Amino acid sequence: MDGDPPPTQGPSAEGTNVEGESPQVEPTVETEEATITDDAELERTLGLSGGLAIGIGTMIGAGIFVFPGLAAGNAGPAASVSFAIGAVVALLVALPASELATAMPKSGGGYYFISRGLGSLAGAVVGLSLWFGLVFATAFYLVGFGYYAVDTLAELGIAVGAELVIPIALLFGVGFTVLNVTGTENAAKLQNGVVALLLSILIVFLGYGGLDAAGLLGEPTAPEQFAPEGTFPVFTTAALVFTSYLGFAQVATVAGEMRDPGRNLPLAMVGSVLVVGVLYVVTIFVATSAFGREALAGFGETAMVEVGRHYLGPVGAFAIVFGGLLATMSSANASVLSTSRAIYAVSRDALLPQRASRINLRYGTPHVALGLAGGPILVLTATGRVELLAEVASFLHLIMYGLICVALIALRRDEPEWYDPDFRVPGHPVVPALGAICSFALILFMQRASLYVGGGIMLLTVGWYFYYARDVELKGAL
């Protein structure tokens, strides 16, 4: 129509993979009311509160319900500093990601930014690694869900053995995959309800536990030595628990649906990190005030159940097992959805066969991508290796976060005509440079097995790119 605004120019994509497929590039029209592409019109209906809900809902979970026993067992009360370090790294990445998202409001998030800022090789490595990173993270959440499911049954007087943890995790992994195939709206309704109930439980429990731990309601607890093993475990624990912060970048994927993205997007990303970071630190304070590091380590993945019992008796224990069930369910469900969307974005760019981006005609969901997500998730869930799953997920995401910061520096250096973000990072280039350095540095504190697995996945993605898509060019006009 004559009154329609012209499509906004963006980064280019060309070339073909070994199957002769080319990247599918959509012309985009940006207005104050909507983001319009050939395939859809995304109305700008999300405000700041909606963006915060996405970020908080995706992140909250493991940092409160799975990690306290493992983290405090490694670093004692200083595990609170480990979570704070994770929050600082996430904040240093959130600002560059916000700028890139307002310049390129596309599905794919960090993968899209890197592929258009640093080229198709970097994009292929990050996009395919993001697929596997989310698979490892989802498997980690599902194993945590299995532990909490068994504990929930135990609190209800139904004694079952720990050998049921993995079968339950696998069963619900299949369930979440099927739920996402039947429609994103169904998955979103489940997610919103779970997050609202979960936050209510946490506010009551952490509020009471914090006052009790501080001696304002009960007797003050004699503090344990803050860093019983020294400072090094603080950093190794930070590398382990960084999985807790993997969700903040998901806010960037809805930039095209957010009102006033130049203001609301960075506030939502930074605000969600700050909110969950405070909750994580308070959780460690409450947990280590109730028990020493050795006891928490012995309780393992469900240590917070015993912390709830310590402060509020059987009611507290049940509130935590139920909250843990909701949190790990929320994280697993959101991650299945995110994994499929990562595969979908990479496939549309011809870095994977484009049949992986096929949409189910009945439900309107990428059913092939969901299958490619669900299958590997179930295989890894069956291993039950909680710490390895968490660290490999962190490794692959930290690579992406570091490269997001590098991509911003590259784009700012050359400033192509199409690059016109609504928000610009203050303190450039110091902030993105620090974000890149901190992201890569945190990897150095991971256990060797995680480094080998993560490094091996990245080498496989490089090999795949040169075999399958070396002629595909995604880089913008830098």
Side-chain angles (χ1 to χ4, degrees), residues 56 60-77 79-80 83 141 143-162 164-165 168-169 193-226 241 244 275-276 278-331 386:
I56 294 170
I60 205 160
I64 291 175
F65 294 100
V66 179
F67 277 136
L70 303 175
N74 290 341
S80 58
F83 279 104
Y141 298 139
V143 173
F145 176 86
Y147 278 108
Y148 270 98
V150 167
D151 271 24
T152 300
L153 293 172
E155 292 298 323
L156 294 173
I158 304 172
V160 295
L164 280 183
V165 167
I168 290 174
V194 165
V195 170
L197 186 56
L198 176 59
L199 283 176
S200 301
I201 292 172
L202 285 177
I203 290 170
V204 172
F205 171 71
L206 292 179
Y208 182 90
L211 292 173
D212 189 294
L216 299 177
L217 291 179
E219 293 296 322
T221 307
E224 185 182 15
Q225 184 180 352
F226 185 70
V241 303
S244 304
V275 168
V276 298
V278 169
L279 287 175
Y280 293 159
V281 171
V282 171
T283 298
I284 293 296
F285 170 68
V286 169
T288 54
S289 295
F291 298 102
R293 60 184 288 265
E294 291 185 4
L296 287 171
F299 294 142
E301 290 82 1
T302 55
M304 287 303 293
V305 177
E306 299 308 317
V307 175
R309 197 186 314 278
H310 171 83
Y311 286 114
L312 295 170
V315 173
F318 183 77
I320 291 299
V321 294
F322 186 59
L325 205 62
L326 292 176
T328 50
M329 178 190 299
S330 169
S331 296
V386 174

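Predicted model only: the values in this text are computed from it and were never measured. Side chains are part of it too, since the values below use all heavy atoms of this structure and drop only hydrogens, waters and symmetry mates. Numbers here are sequence positions counted from 1.
- The minimum heavy-atom distance linking H310 with A290 is given by the pair CD2-CB, 3.4 Å.
- For the side chain to side chain contact (heavy atoms under 4.5 Å, CB included) test, residues two or more places apart in sequence or in another chain that qualify with A317 are E155, V305, R309.
- Within the model, atoms OG of S244 and CG of L279 stand 11.5 Å from one another, a figure rounded to the nearest 0.5 Å.
- Residues meeting the side chain to side chain contact (heavy atoms under 4.5 Å, CB included) test with V165, sequence neighbours left out: Y147, V150.
- Residues passing the side chain to side chain contact (heavy atoms under 4.5 Å, CB included) test with A319 are I201, sequence neighbours excluded.
- Minimum interatomic distance between A297 and G73 (heavy atoms only, all atoms of both residues): CB-CA, 3.6 Å.
- In this structure, the side chain to side chain contact (heavy atoms under 4.5 Å, CB included) partners of L153, at least two apart in sequence or on a different chain, are I158, V160.
- Between I60 and F65, every side-chain heavy-atom pair lies at or beyond the 4.5 Å cut-off.
- The shortest heavy-atom contact between M304 and Y148 is CB-OH, 4.0 Å.
- Using a 4.5 Å cut-off on side-chain heavy atoms (C-beta onward), L296 and V307 make contact.
- Closest approach of P77 and T288 over heavy atoms only: CA-CG2, 3.8 Å.
- At a threshold of 4.5 Å between non-hydrogen side-chain atoms, the residues F291 and P68 do not count as touching.
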Please test T283 against L206 for side chain to side chain contact (heavy atoms under 4.5 Å, CB included), starting from the C-alpha separation and ending with a verdict.
CA-CA 7 Å; T283 298; L206 292 179; 3.7 Å; yes
Begin from the C-alpha positions of F67 and Y280 and carry the test ring-ring contact (aromatic ring centres under 6.0 Å, His included) through to its verdict.
CA-CA 10 Å; F67 277 136; Y280 293 159; 8.7 Å; no
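- Sequence neighbours left out, not one pair with a member in residues 193-209 passes salt bridge (charged side-chain N to carboxylate O under 4.0 Å, His left out).
- One distance of note links CG of L325 with CG of D151; it measures 10.0 Å at 0.5 Å rounding.
- Pairing each heavy atom of G69 with each of A303, the nearest pair is CA-CB, 3.6 Å.
- Note that CD of E301 and CG of L70 are 5.0 Å apart. Values are rounded to the nearest 0.5 Å.
- We find the CD1-CD1 distance between I284 and I64 to be 9.5 Å, quoted to the nearest 0.5 Å.
- Applying the side-chain hydrogen bond (donor to acceptor under 3.5 Å, both in side chains) criterion to T328, with sequence neighbours excluded, gives no partner residue.
- Environment of CZ in F285: crowded, with over 12 heavy atoms of neighbouring residues, nucleotides or ligands closer than 6.0 Å.
- Side chain of Y311 to backbone of V286: a donor-acceptor contact under 3.5 angstrom is found.
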